[in-house]
Amino acid sequence: MNKKTLEDFNLENKRVLVREDLNVPLDENQNITDDTRIRAVLPTINYLIDKGAKVIIVSHLGRPKGKANPKYSLVPVAKKLSELLKKEVTFAQNCIGEVAEKAAAKMKPKDVLLLENVRFHEGEEKNDPEFAKNLASLADVFINDAFGTSHRAHASTVGVAQFLPAGAGCLMQKEIEIMGNALEKPERPFVAILGGAKVGDKIGVIQNLLSKVDVLLIGGGMAYTFLKSQGHEIGQSLLEPDKIELAASLLKEARQKNVEILLPDDVVVTSKLEEGLPYETVSVTQIPKDKMGVDIGQKTRDKFADVIKDAKTVVWNGPMGVFEMKVYAEGTLAVASAMAKSKAVTIIGGGDSAAAVKQLGFAEAMTHISTGGGASLEFLEGRELPGVAALNDR
Ligand code: AMP
C-alpha cells in the first residue's frame with residue numbers, strides 16, 4: 001500500500017484522532033446485539049496504547065441526520081470497548097467544542113477517549129471544513145481505520161486529513177492490502193462470484209472484474225436479467241428490463257476477453273415469496289411463466305462448487321438466492337461451504353454475503369470477510385475510496 005500506516009508515525013505522547021466504524025446494531029434497550037465491529041478495532045487501539053499515544057476515537061452510529069439523539073449515542077459502545085480493552089474508556093458527550101477539548105486536554109499517554117456520535121453534527125456528512133477543523137484541533141495525528149465508511153467523503157473521514165498528518169489504521173490497512181492484492185496480483189485461477197438483487201448495483205464491479213478474473217459465476221436475482229438477455233423465459237423472476245442489453249454486451253465482452261461467465265443451468269422456482277409455499281427445481285429453459293426463480297438449483301450448486309474447488313483466489317459478493325428464507329438459502333450455503341473447504345485465498349466482500357457466511361457458520365474458514373459493504377463494492381469496482389485517497393502517501 002502506498003499510504004502511510006501506523007508504523008510511519010512517531011506516536012509517543014501524541015494526541016491521535018482515530019476514525020473507527022463503531023456503528024454496531026443496538027436493540028430497543030440500547031444493548032449491543034453484535035460486537036464484531038468493536039472487536040475489529042482492538043488491534044489499532046492496542047497498538048496506539050502500546051506506543052504511548054493519547055487515543056481519541058471518533059465514530060458514527062446509525063443515521064441521526066445531524067441532530068443529537070440519545071437513541072444513537074455511543075455510550076453503550078464506550079462500555080463495551082472498555083470491557084474488551086480491559087481498560088478505562090472516558091466518554092465525551094460531544095465530539096467538538098469545550099466538552100471534547102477539556103476531555104482531550106486531561107489525557108495522559110495510553111488514555112483512551114471516545115467522542116460522542118460524529119453524525120450528531122450536520123457538518124459531518126456535509127464535510128464542512130469548519131467542523132473538520134474543530135475535530136482536527138483535538139489531535140496531532142489522524143488515523144483512519146474505518147474502512148466501512150471510507151467510500152463517504154465526510155468531515156471525519158476526509159475533511160480532518162486536510163489539517164493533520166494522516167495515515168491508515170490496522171483494519172484499514174488489512175482490508176486494502178488483502179483486497180488490493182487479490183485484484184492486482186491474484187494467484188490464478190481467480191474466480192469471482194456475484195449475486196444479490198440487482199445487476200444495476202454491480203455493473204461497475206462486473207466491468208472491473210472482467211479484466212482481472214478467469215471465471216465469473218453469476219447467481220442470485222441478478223442472474224435473471226442475464227438469462228433473459230440470452231432469450232430465456234424467466235417468468236416472474238427479478239428483471240431489470242433496462243439492463244437486458246447491457247447484460248448481453250457484458251457477456252460478449254467476457255467472450256472477447258476470454259473470461260468464462262457461468263450462469264445458472266437450473267433454478268428453484270416458486271409462485272410467491274411466502275413461507276410454506278411449494279417450490280421445485282427446473283432447468284433455466286423451463287421456467288414457468290407464473291413462477292419466479294429464488295435460488296440456484298442443485299446442478300448449478302455443484303457446477304459452481306467445482307469451479308471454486310480449483311480456484312486459487314475467490315472473491316464473493318451477493319447471495320445466490322433469497323437466503324433470508326431458509327429453504328432458499330441452499331445455493332448460498334453451497335457456495336459458502338465450497339469456499340470454506342477450499343485452500344484458495346477466500347474473500348467475502350461485505351454486506352449480505354458477509355452476513356450469510358456468519359449466519360451459516362463459515363466465518364472462521366474464510367481468509368478475509370470485509371467489514372465494509374458499500375466500501376468493498378466500490379473497491380471491487382476499482383474506484384479510489386475518498387477516505388483512502390485523503391491519507392498521506394508514503
Ligand atoms: P444485494 O444487496 O444486491 O447483494 O442483494 C441482496 C438481496 O438479494 C438479498 O436480500 C436476497 O434476498 C436478494 N436476492 C437474491 N437472490 C434473489 C432472487 N433470485 N430473487 C429475488 N431476490 C433475490
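First listed ligand is number 1; within each ligand, the first listed atom is number 1. All of these numbers come straight from a predicted model, not from anything done at the bench.
Contact atoms of ligand 1 toward Gly220: 16 (N), 19 (N) (distance under 4.0 Å to a heavy atom of the residue). The ligand atoms of ligand 1 that sit less than 4.0 angstrom from a heavy atom of Val322 are 12 (O), 15 (C), 16 (N), 17 (C), 18 (C), 20 (N), 21 (C), 22 (N), 23 (C). Near Val294, meaning under 4.0 Å from one of its heavy atoms, ligand 1 places the atoms 19 (N). Numbered from 1 in the order shown, with element, the atoms of ligand 1 that lie under 4.0 Å from a heavy atom of Tyr224 read 19 (N). Atom numbering of ligand 1 starts at 1 in the shown order; those under 4.0 Å from a heavy atom of Gly196 are 1 (P), 3 (O), 4 (O), 5 (O), 6 (C), 8 (O). Within ligand 1, counting atoms from 1 as listed, the ones closer than 4.0 Å to a heavy atom of Gly293 are 18 (C), 19 (N), 20 (N).
Under 4.0 Å from ligand 1, not a single heavy atom of Met292 appears. Contact annotation for Met222 and ligand 1: no heavy atom of the residue comes within less than 4.0 Å of the ligand.
Residue Tyr328 places every heavy atom at 4.0 Å or more from ligand 1. Taking 4.0 Å as the cut-off, Met325 does not count as a neighbour of ligand 1 on heavy-atom distance.
Among the atoms of Lys202, some N or O lies under 3.5 angstrom from an N or O of ligand 1.
Exactly one residue among Asp266, Asp265, Asp295 makes a side chain to side chain donor-acceptor pair (under 3.5 Å) with Thr300. That residue is Asp266.
Under 4.0 Å is where a charged nitrogen must lie from a carboxylate oxygen, and between Glu122 and Lys67 no such pair does. Arg19 and Asp145 are not joined by a salt bridge, as no carboxylate oxygen comes within less than 4.0 angstrom of a charged side-chain nitrogen. With respect to the salt-bridge test (charged N to carboxylate O, under 4.0 angstrom), the residues Lys51 and Glu12 do not qualify. Between Arg394 and Asp8 there is a salt bridge, since at least one side-chain N of the basic residue sits less than 4.0 Å from a carboxylate O of the acidic one.
A 6.0 Å sphere centred on CD of Gln256 holds more than 12 heavy atoms belonging to other residues, nucleotides or ligands. Residue Lys133 qualifies as open at atom NZ: its count of foreign heavy atoms under 6.0 Å is 12 or below. Heavy atoms of other residues, nucleotides or ligands lying less than 6.0 angstrom from NZ of Lys257 number more than 12. For Glu253, the CD atom counts as densely surrounded, since its 6.0 Å shell holds more than 12 non-hydrogen atoms of other residues, nucleotides or ligands.
Atom 17 (C) of ligand 1 has its closest protein heavy atom at Gly221 N, 3.3 Å. At the shortest separation from atom 1 (P) of ligand 1 among protein heavy atoms lies Ala197 N, 3.7 Å. For atom 7 (C) of ligand 1, the closest non-hydrogen atom of the protein is Asp352 OD2, 3.8 Å. Looking from atom 9 (C) of ligand 1 to the surrounding protein, the closest heavy atom is Glu324 OE2, 3.3 Å. In terms of protein heavy atoms, atom 15 (C) of ligand 1 is closest to Gly321 O, 3.1 Å.
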Could you go through Phe142 and Phe163, starting from their C-alpha distance and side-chain angles, then the distance that decides it, and tell me whether this counts as ring-ring contact (aromatic ring centres under 6.0 Å, His included)? CA-CA 9 Å; Phe142 172 57; Phe163 301 101; over 10 Å; no
